Number of protein chains: 2
Amino acid sequence: MLVGVTDTAGRLLSLLSLLQSPREWPGSELARRLGVSPRTIRRDVDRLRDLGYPVEATMGAEGGYRLVAGTAMPPLLLDDEEAVAIAVGLRTAARQTVAGIEEASVRAMAKLEQVLPARLRRRVSALGAATVPVVLGADGVTVDPEHLTVLASAIANRERLRFRYSAADGTPSGRHVEPLHLVPSGRRWYLVAFDPGRDDWRFFRVDRMTALSPTGARFAPRALPADDPATYLKEHMLSRAPTYPVVATVHLPARDVRARLPGAAVQEVDERTCRVSGLGDTVEYLAFHLVQLGCEFEVHEPPELVRHLRDLHDRIGRAISSG
Amino acid sequence: MLVGVTDTAGRLLSLLSLLQSPREWPGSELARRLGVSPRTIRRDVDRLRDLGYPVEATMGAEGGYRLVAGTAMPPLLLDDEEAVAIAVGLRTAARQTVAGIEEASVRAMAKLEQVLPARLRRRVSALGAATVPVVLGADGVTVDPEHLTVLASAIANRERLRFRYSAADGTPSGRHVEPLHLVPSGRRWYLVAFDPGRDDWRFFRVDRMTALSPTGARFAPRALPADDPATYLKEHMLSRAPTYPVVATVHLPARDVRARLPGAAVQEVDERTCRVSGLGDTVEYLAFHLVQLGCEFEVHEPPELVRHLRDLHDRIGRAISSG
DNA sequence: GGAATCGAGGGCGGGAACTGTCCGCATTCG
DNA sequence: CGAATGCGGACAGTTCCCGCCCTCGATTCC
């Protein structure tokens, strides 16, 4: 049998792949599948262990090998469908902007997209299109995951970027910038970039960018006039992004509300009533979460929210009266 | 220099890891990082290509290596944060039951969870708990992703499973079964399993199972008395799961509605009005999507939906009148 | 309790593969 | 044109891999 390291290394990868399915494999079976002797399988298992991937073995009849959790992530060997599932999962997660792992999400997306075979990419975008964007964005805008991956690549690769931008007042312009950071803020994403034409730093809302195209031209990254891009962004955005301090009384035990609205400040009033404040950043978002609790509640604080709920109330009223 | 295949294979993995970040790497830099000569790097790149992972090289100054999309998925080498991001993404995706990739999602979750280091697992569950379950389940029940991974492992590993089950009428019972399939249905999951005690096949709703514990005892999988678990389940469930045929008139161009409600049958009435039918399976779900469109609409068909909307209307009315 | 199955691991010999070095070549950018 | 980059052939020395022996320990089933 003609072999080489590519075979040895390839075999180790195949072995890793087999061991990653959540079941046990007897060494003889592995030997058969990989076309080597059981002795070699034992040695391969040792090699994997040397590499830091803990392979557990159960002895006796019915025994076998299994990859278990170690201290480092082993390389994930995915089949087509699993890769698609992960890509779709990341996209929906990015749309909803989960917790504090947005950057990591985007990095993982970029990494995956970079190596995702074309046929799978098609399936992912088809599925992505078929997925209901559950989050009702303030203005109905949801950020396009594709854009995020393109931006992440351009940043990592230090490539200049060309795109079209619609400013807040709607006036469009063409831009050519040196992208430096991608910063999540609420359910929005901002690109922090240096604009050589205007010789200054600029922030761009990702959902307002169109026709992204990395130019391929490299640049040497400049130092940001602040330690942290996020705080830099916050300073410059403070005046603009309105946040709604909400106060509402919810007729549900405080414990239940905390479980269903993590992130909100919940204050117990009595056994079955509590006061909720500071939920989110857009009235649509706030209204949705309050209604979604499915219990009685009263809104006290932001007049905008009350107005929005009144609209909702009227709209539903019309829907059922004319139907 | 003392080397071995574990070094060679390990180096190949490191190389793959470096090449997976979305940027270009000059060979000299790679050689420096991996502690080998540039010639070896070239050979390693060749080896990766032999393994089917297309490494692209750009010549000339400023050139370098980059991993591009090929025909097969290369092993994904993730850092801690990326792994957590993927795990969280899969969990939220599993909760929402995306499109037709549910099984793959669960398989990927099981694969990932199996090798996820403990410290990362803690972060994932913390983040998972902090994530708002956006989907308002019919009865507020969302399936626990952990359960799904445990079940998937038990199935793949052909392990008997013990758990407690609350039947539809609420009566609890202890079960000991041979799990065979996990079937998604709407936003619910069912386990298809053989119950040796009762000597027959049974279906269990995953959200009604508690105290899951694989016993470790193996079993030889029996043949299901049907070709396909999904259709088998459907036959047995047909009478129970009510689906609501909805008909509503929506005052929005048909094109827009199709974009925002994929899966629904949309029929154009005139330029700015259309008829929507057959959206989903629970009134809460239907109501949510109709309201979420943010436009005028009238509901014609299921009286349950009208009733639900009236409740919603009244509840919102009380919320804003007393606030 | 015995047999069968499975993992762990030492030793050996032949053959093969890996690495580094040196070389000339092609390509791209400034 | 020169510098940086990738490409790849040839060679020599080292070493490492593989399959085949073997024994031992653990576990399960009969």
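To find a chain, count down the sequence lines: A is the first, B the second, and so on, and within it residues start at 1. What you see is a predicted model; the values in this text were computed from it and never measured.
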Atom CD1 of B:I41 and atom C1' of C:dT21 are separated, to the nearest Å, by 16 Å
Atom-pair distance (CG on B:D7; C1' on C:dT19), nearest Å:
12 Å
Specify the separation, in whole Å, of atom CZ of A:R11 and atom P of D:dG19.
7 Å
Grab the CG-P distance between A:L12 and D:dC16 for me, whole Å please.
15 Å
Side-chain N or O of B:S37 closer than 4.0 Å to phosphate OP1/OP2 of C:dC22
no
Hey, are B:E103 and B:R107 close enough for a salt bridge, meaning a charged N less than 4.0 Å from a carboxylate O?
no
Mind checking if A:R66 touches a base, just sugar-phosphate, or nothing, with heavy atoms under 4.0 Å?
nothing
d(CD, A:E24; P, C:dT5) in whole Å:
18 Å
On DNA chain C, nearest-nucleotide positions of A:E56 versus A:R43: which is more 5'?
A:E56
Atom CE of B:M59 to atom C1' of C:dC25: distance rounded to whole Å?
9 Å
Check this one for me: any side-chain N or O of A:R47 less than 4.0 Å away from OP1 or OP2 of D:dC18?
yes
Hey, is the side chain of A:R42 pairing donor to acceptor with the base of C:dG7 inside 3.5 Å?
no
Has B:T8 got a side-chain N or O lying under 4.0 Å from the OP1 or OP2 atom of C:dT19?
yes
Does B:R121, at its CZ atom, have more than 12 non-hydrogen atoms belonging to other residues, nucleotides or ligands within less than 6.0 Å?
yes
Over how many whole Å does the gap from A:D44 atom CG to D:dC17 atom C1' extend?
10 Å
Is a side-chain N or O of B:Q20 found less than 3.5 angstrom from the main chain of B:L77, in a donor-acceptor match?
yes
Is it the case that B:R175 and B:S173 place a side-chain donor and acceptor less than 3.5 Å from each other?
yes
Taking A:R119 for the side chain and B:T71 for the main chain, is one N or O donor matched with an acceptor at less than 3.5 Å?
yes
When rounded to whole Å, the CG to P distance for the pair A:D50 and C:dG9 reads 11 Å
Tell me whether the side-chain N/O atoms of B:T40 come closer than 4.0 Å to OP1 or OP2 in C:dG20.
yes
Tell whether A:R39 reaches the base of C:dG7 with its side chain through a donor-acceptor pair below 3.5 angstrom.
no
Could you tell me whether A:R218 contacts a base, only the sugar-phosphate backbone, or nothing, with contacts defined as non-hydrogen atoms closer than 4.0 Å?
nothing
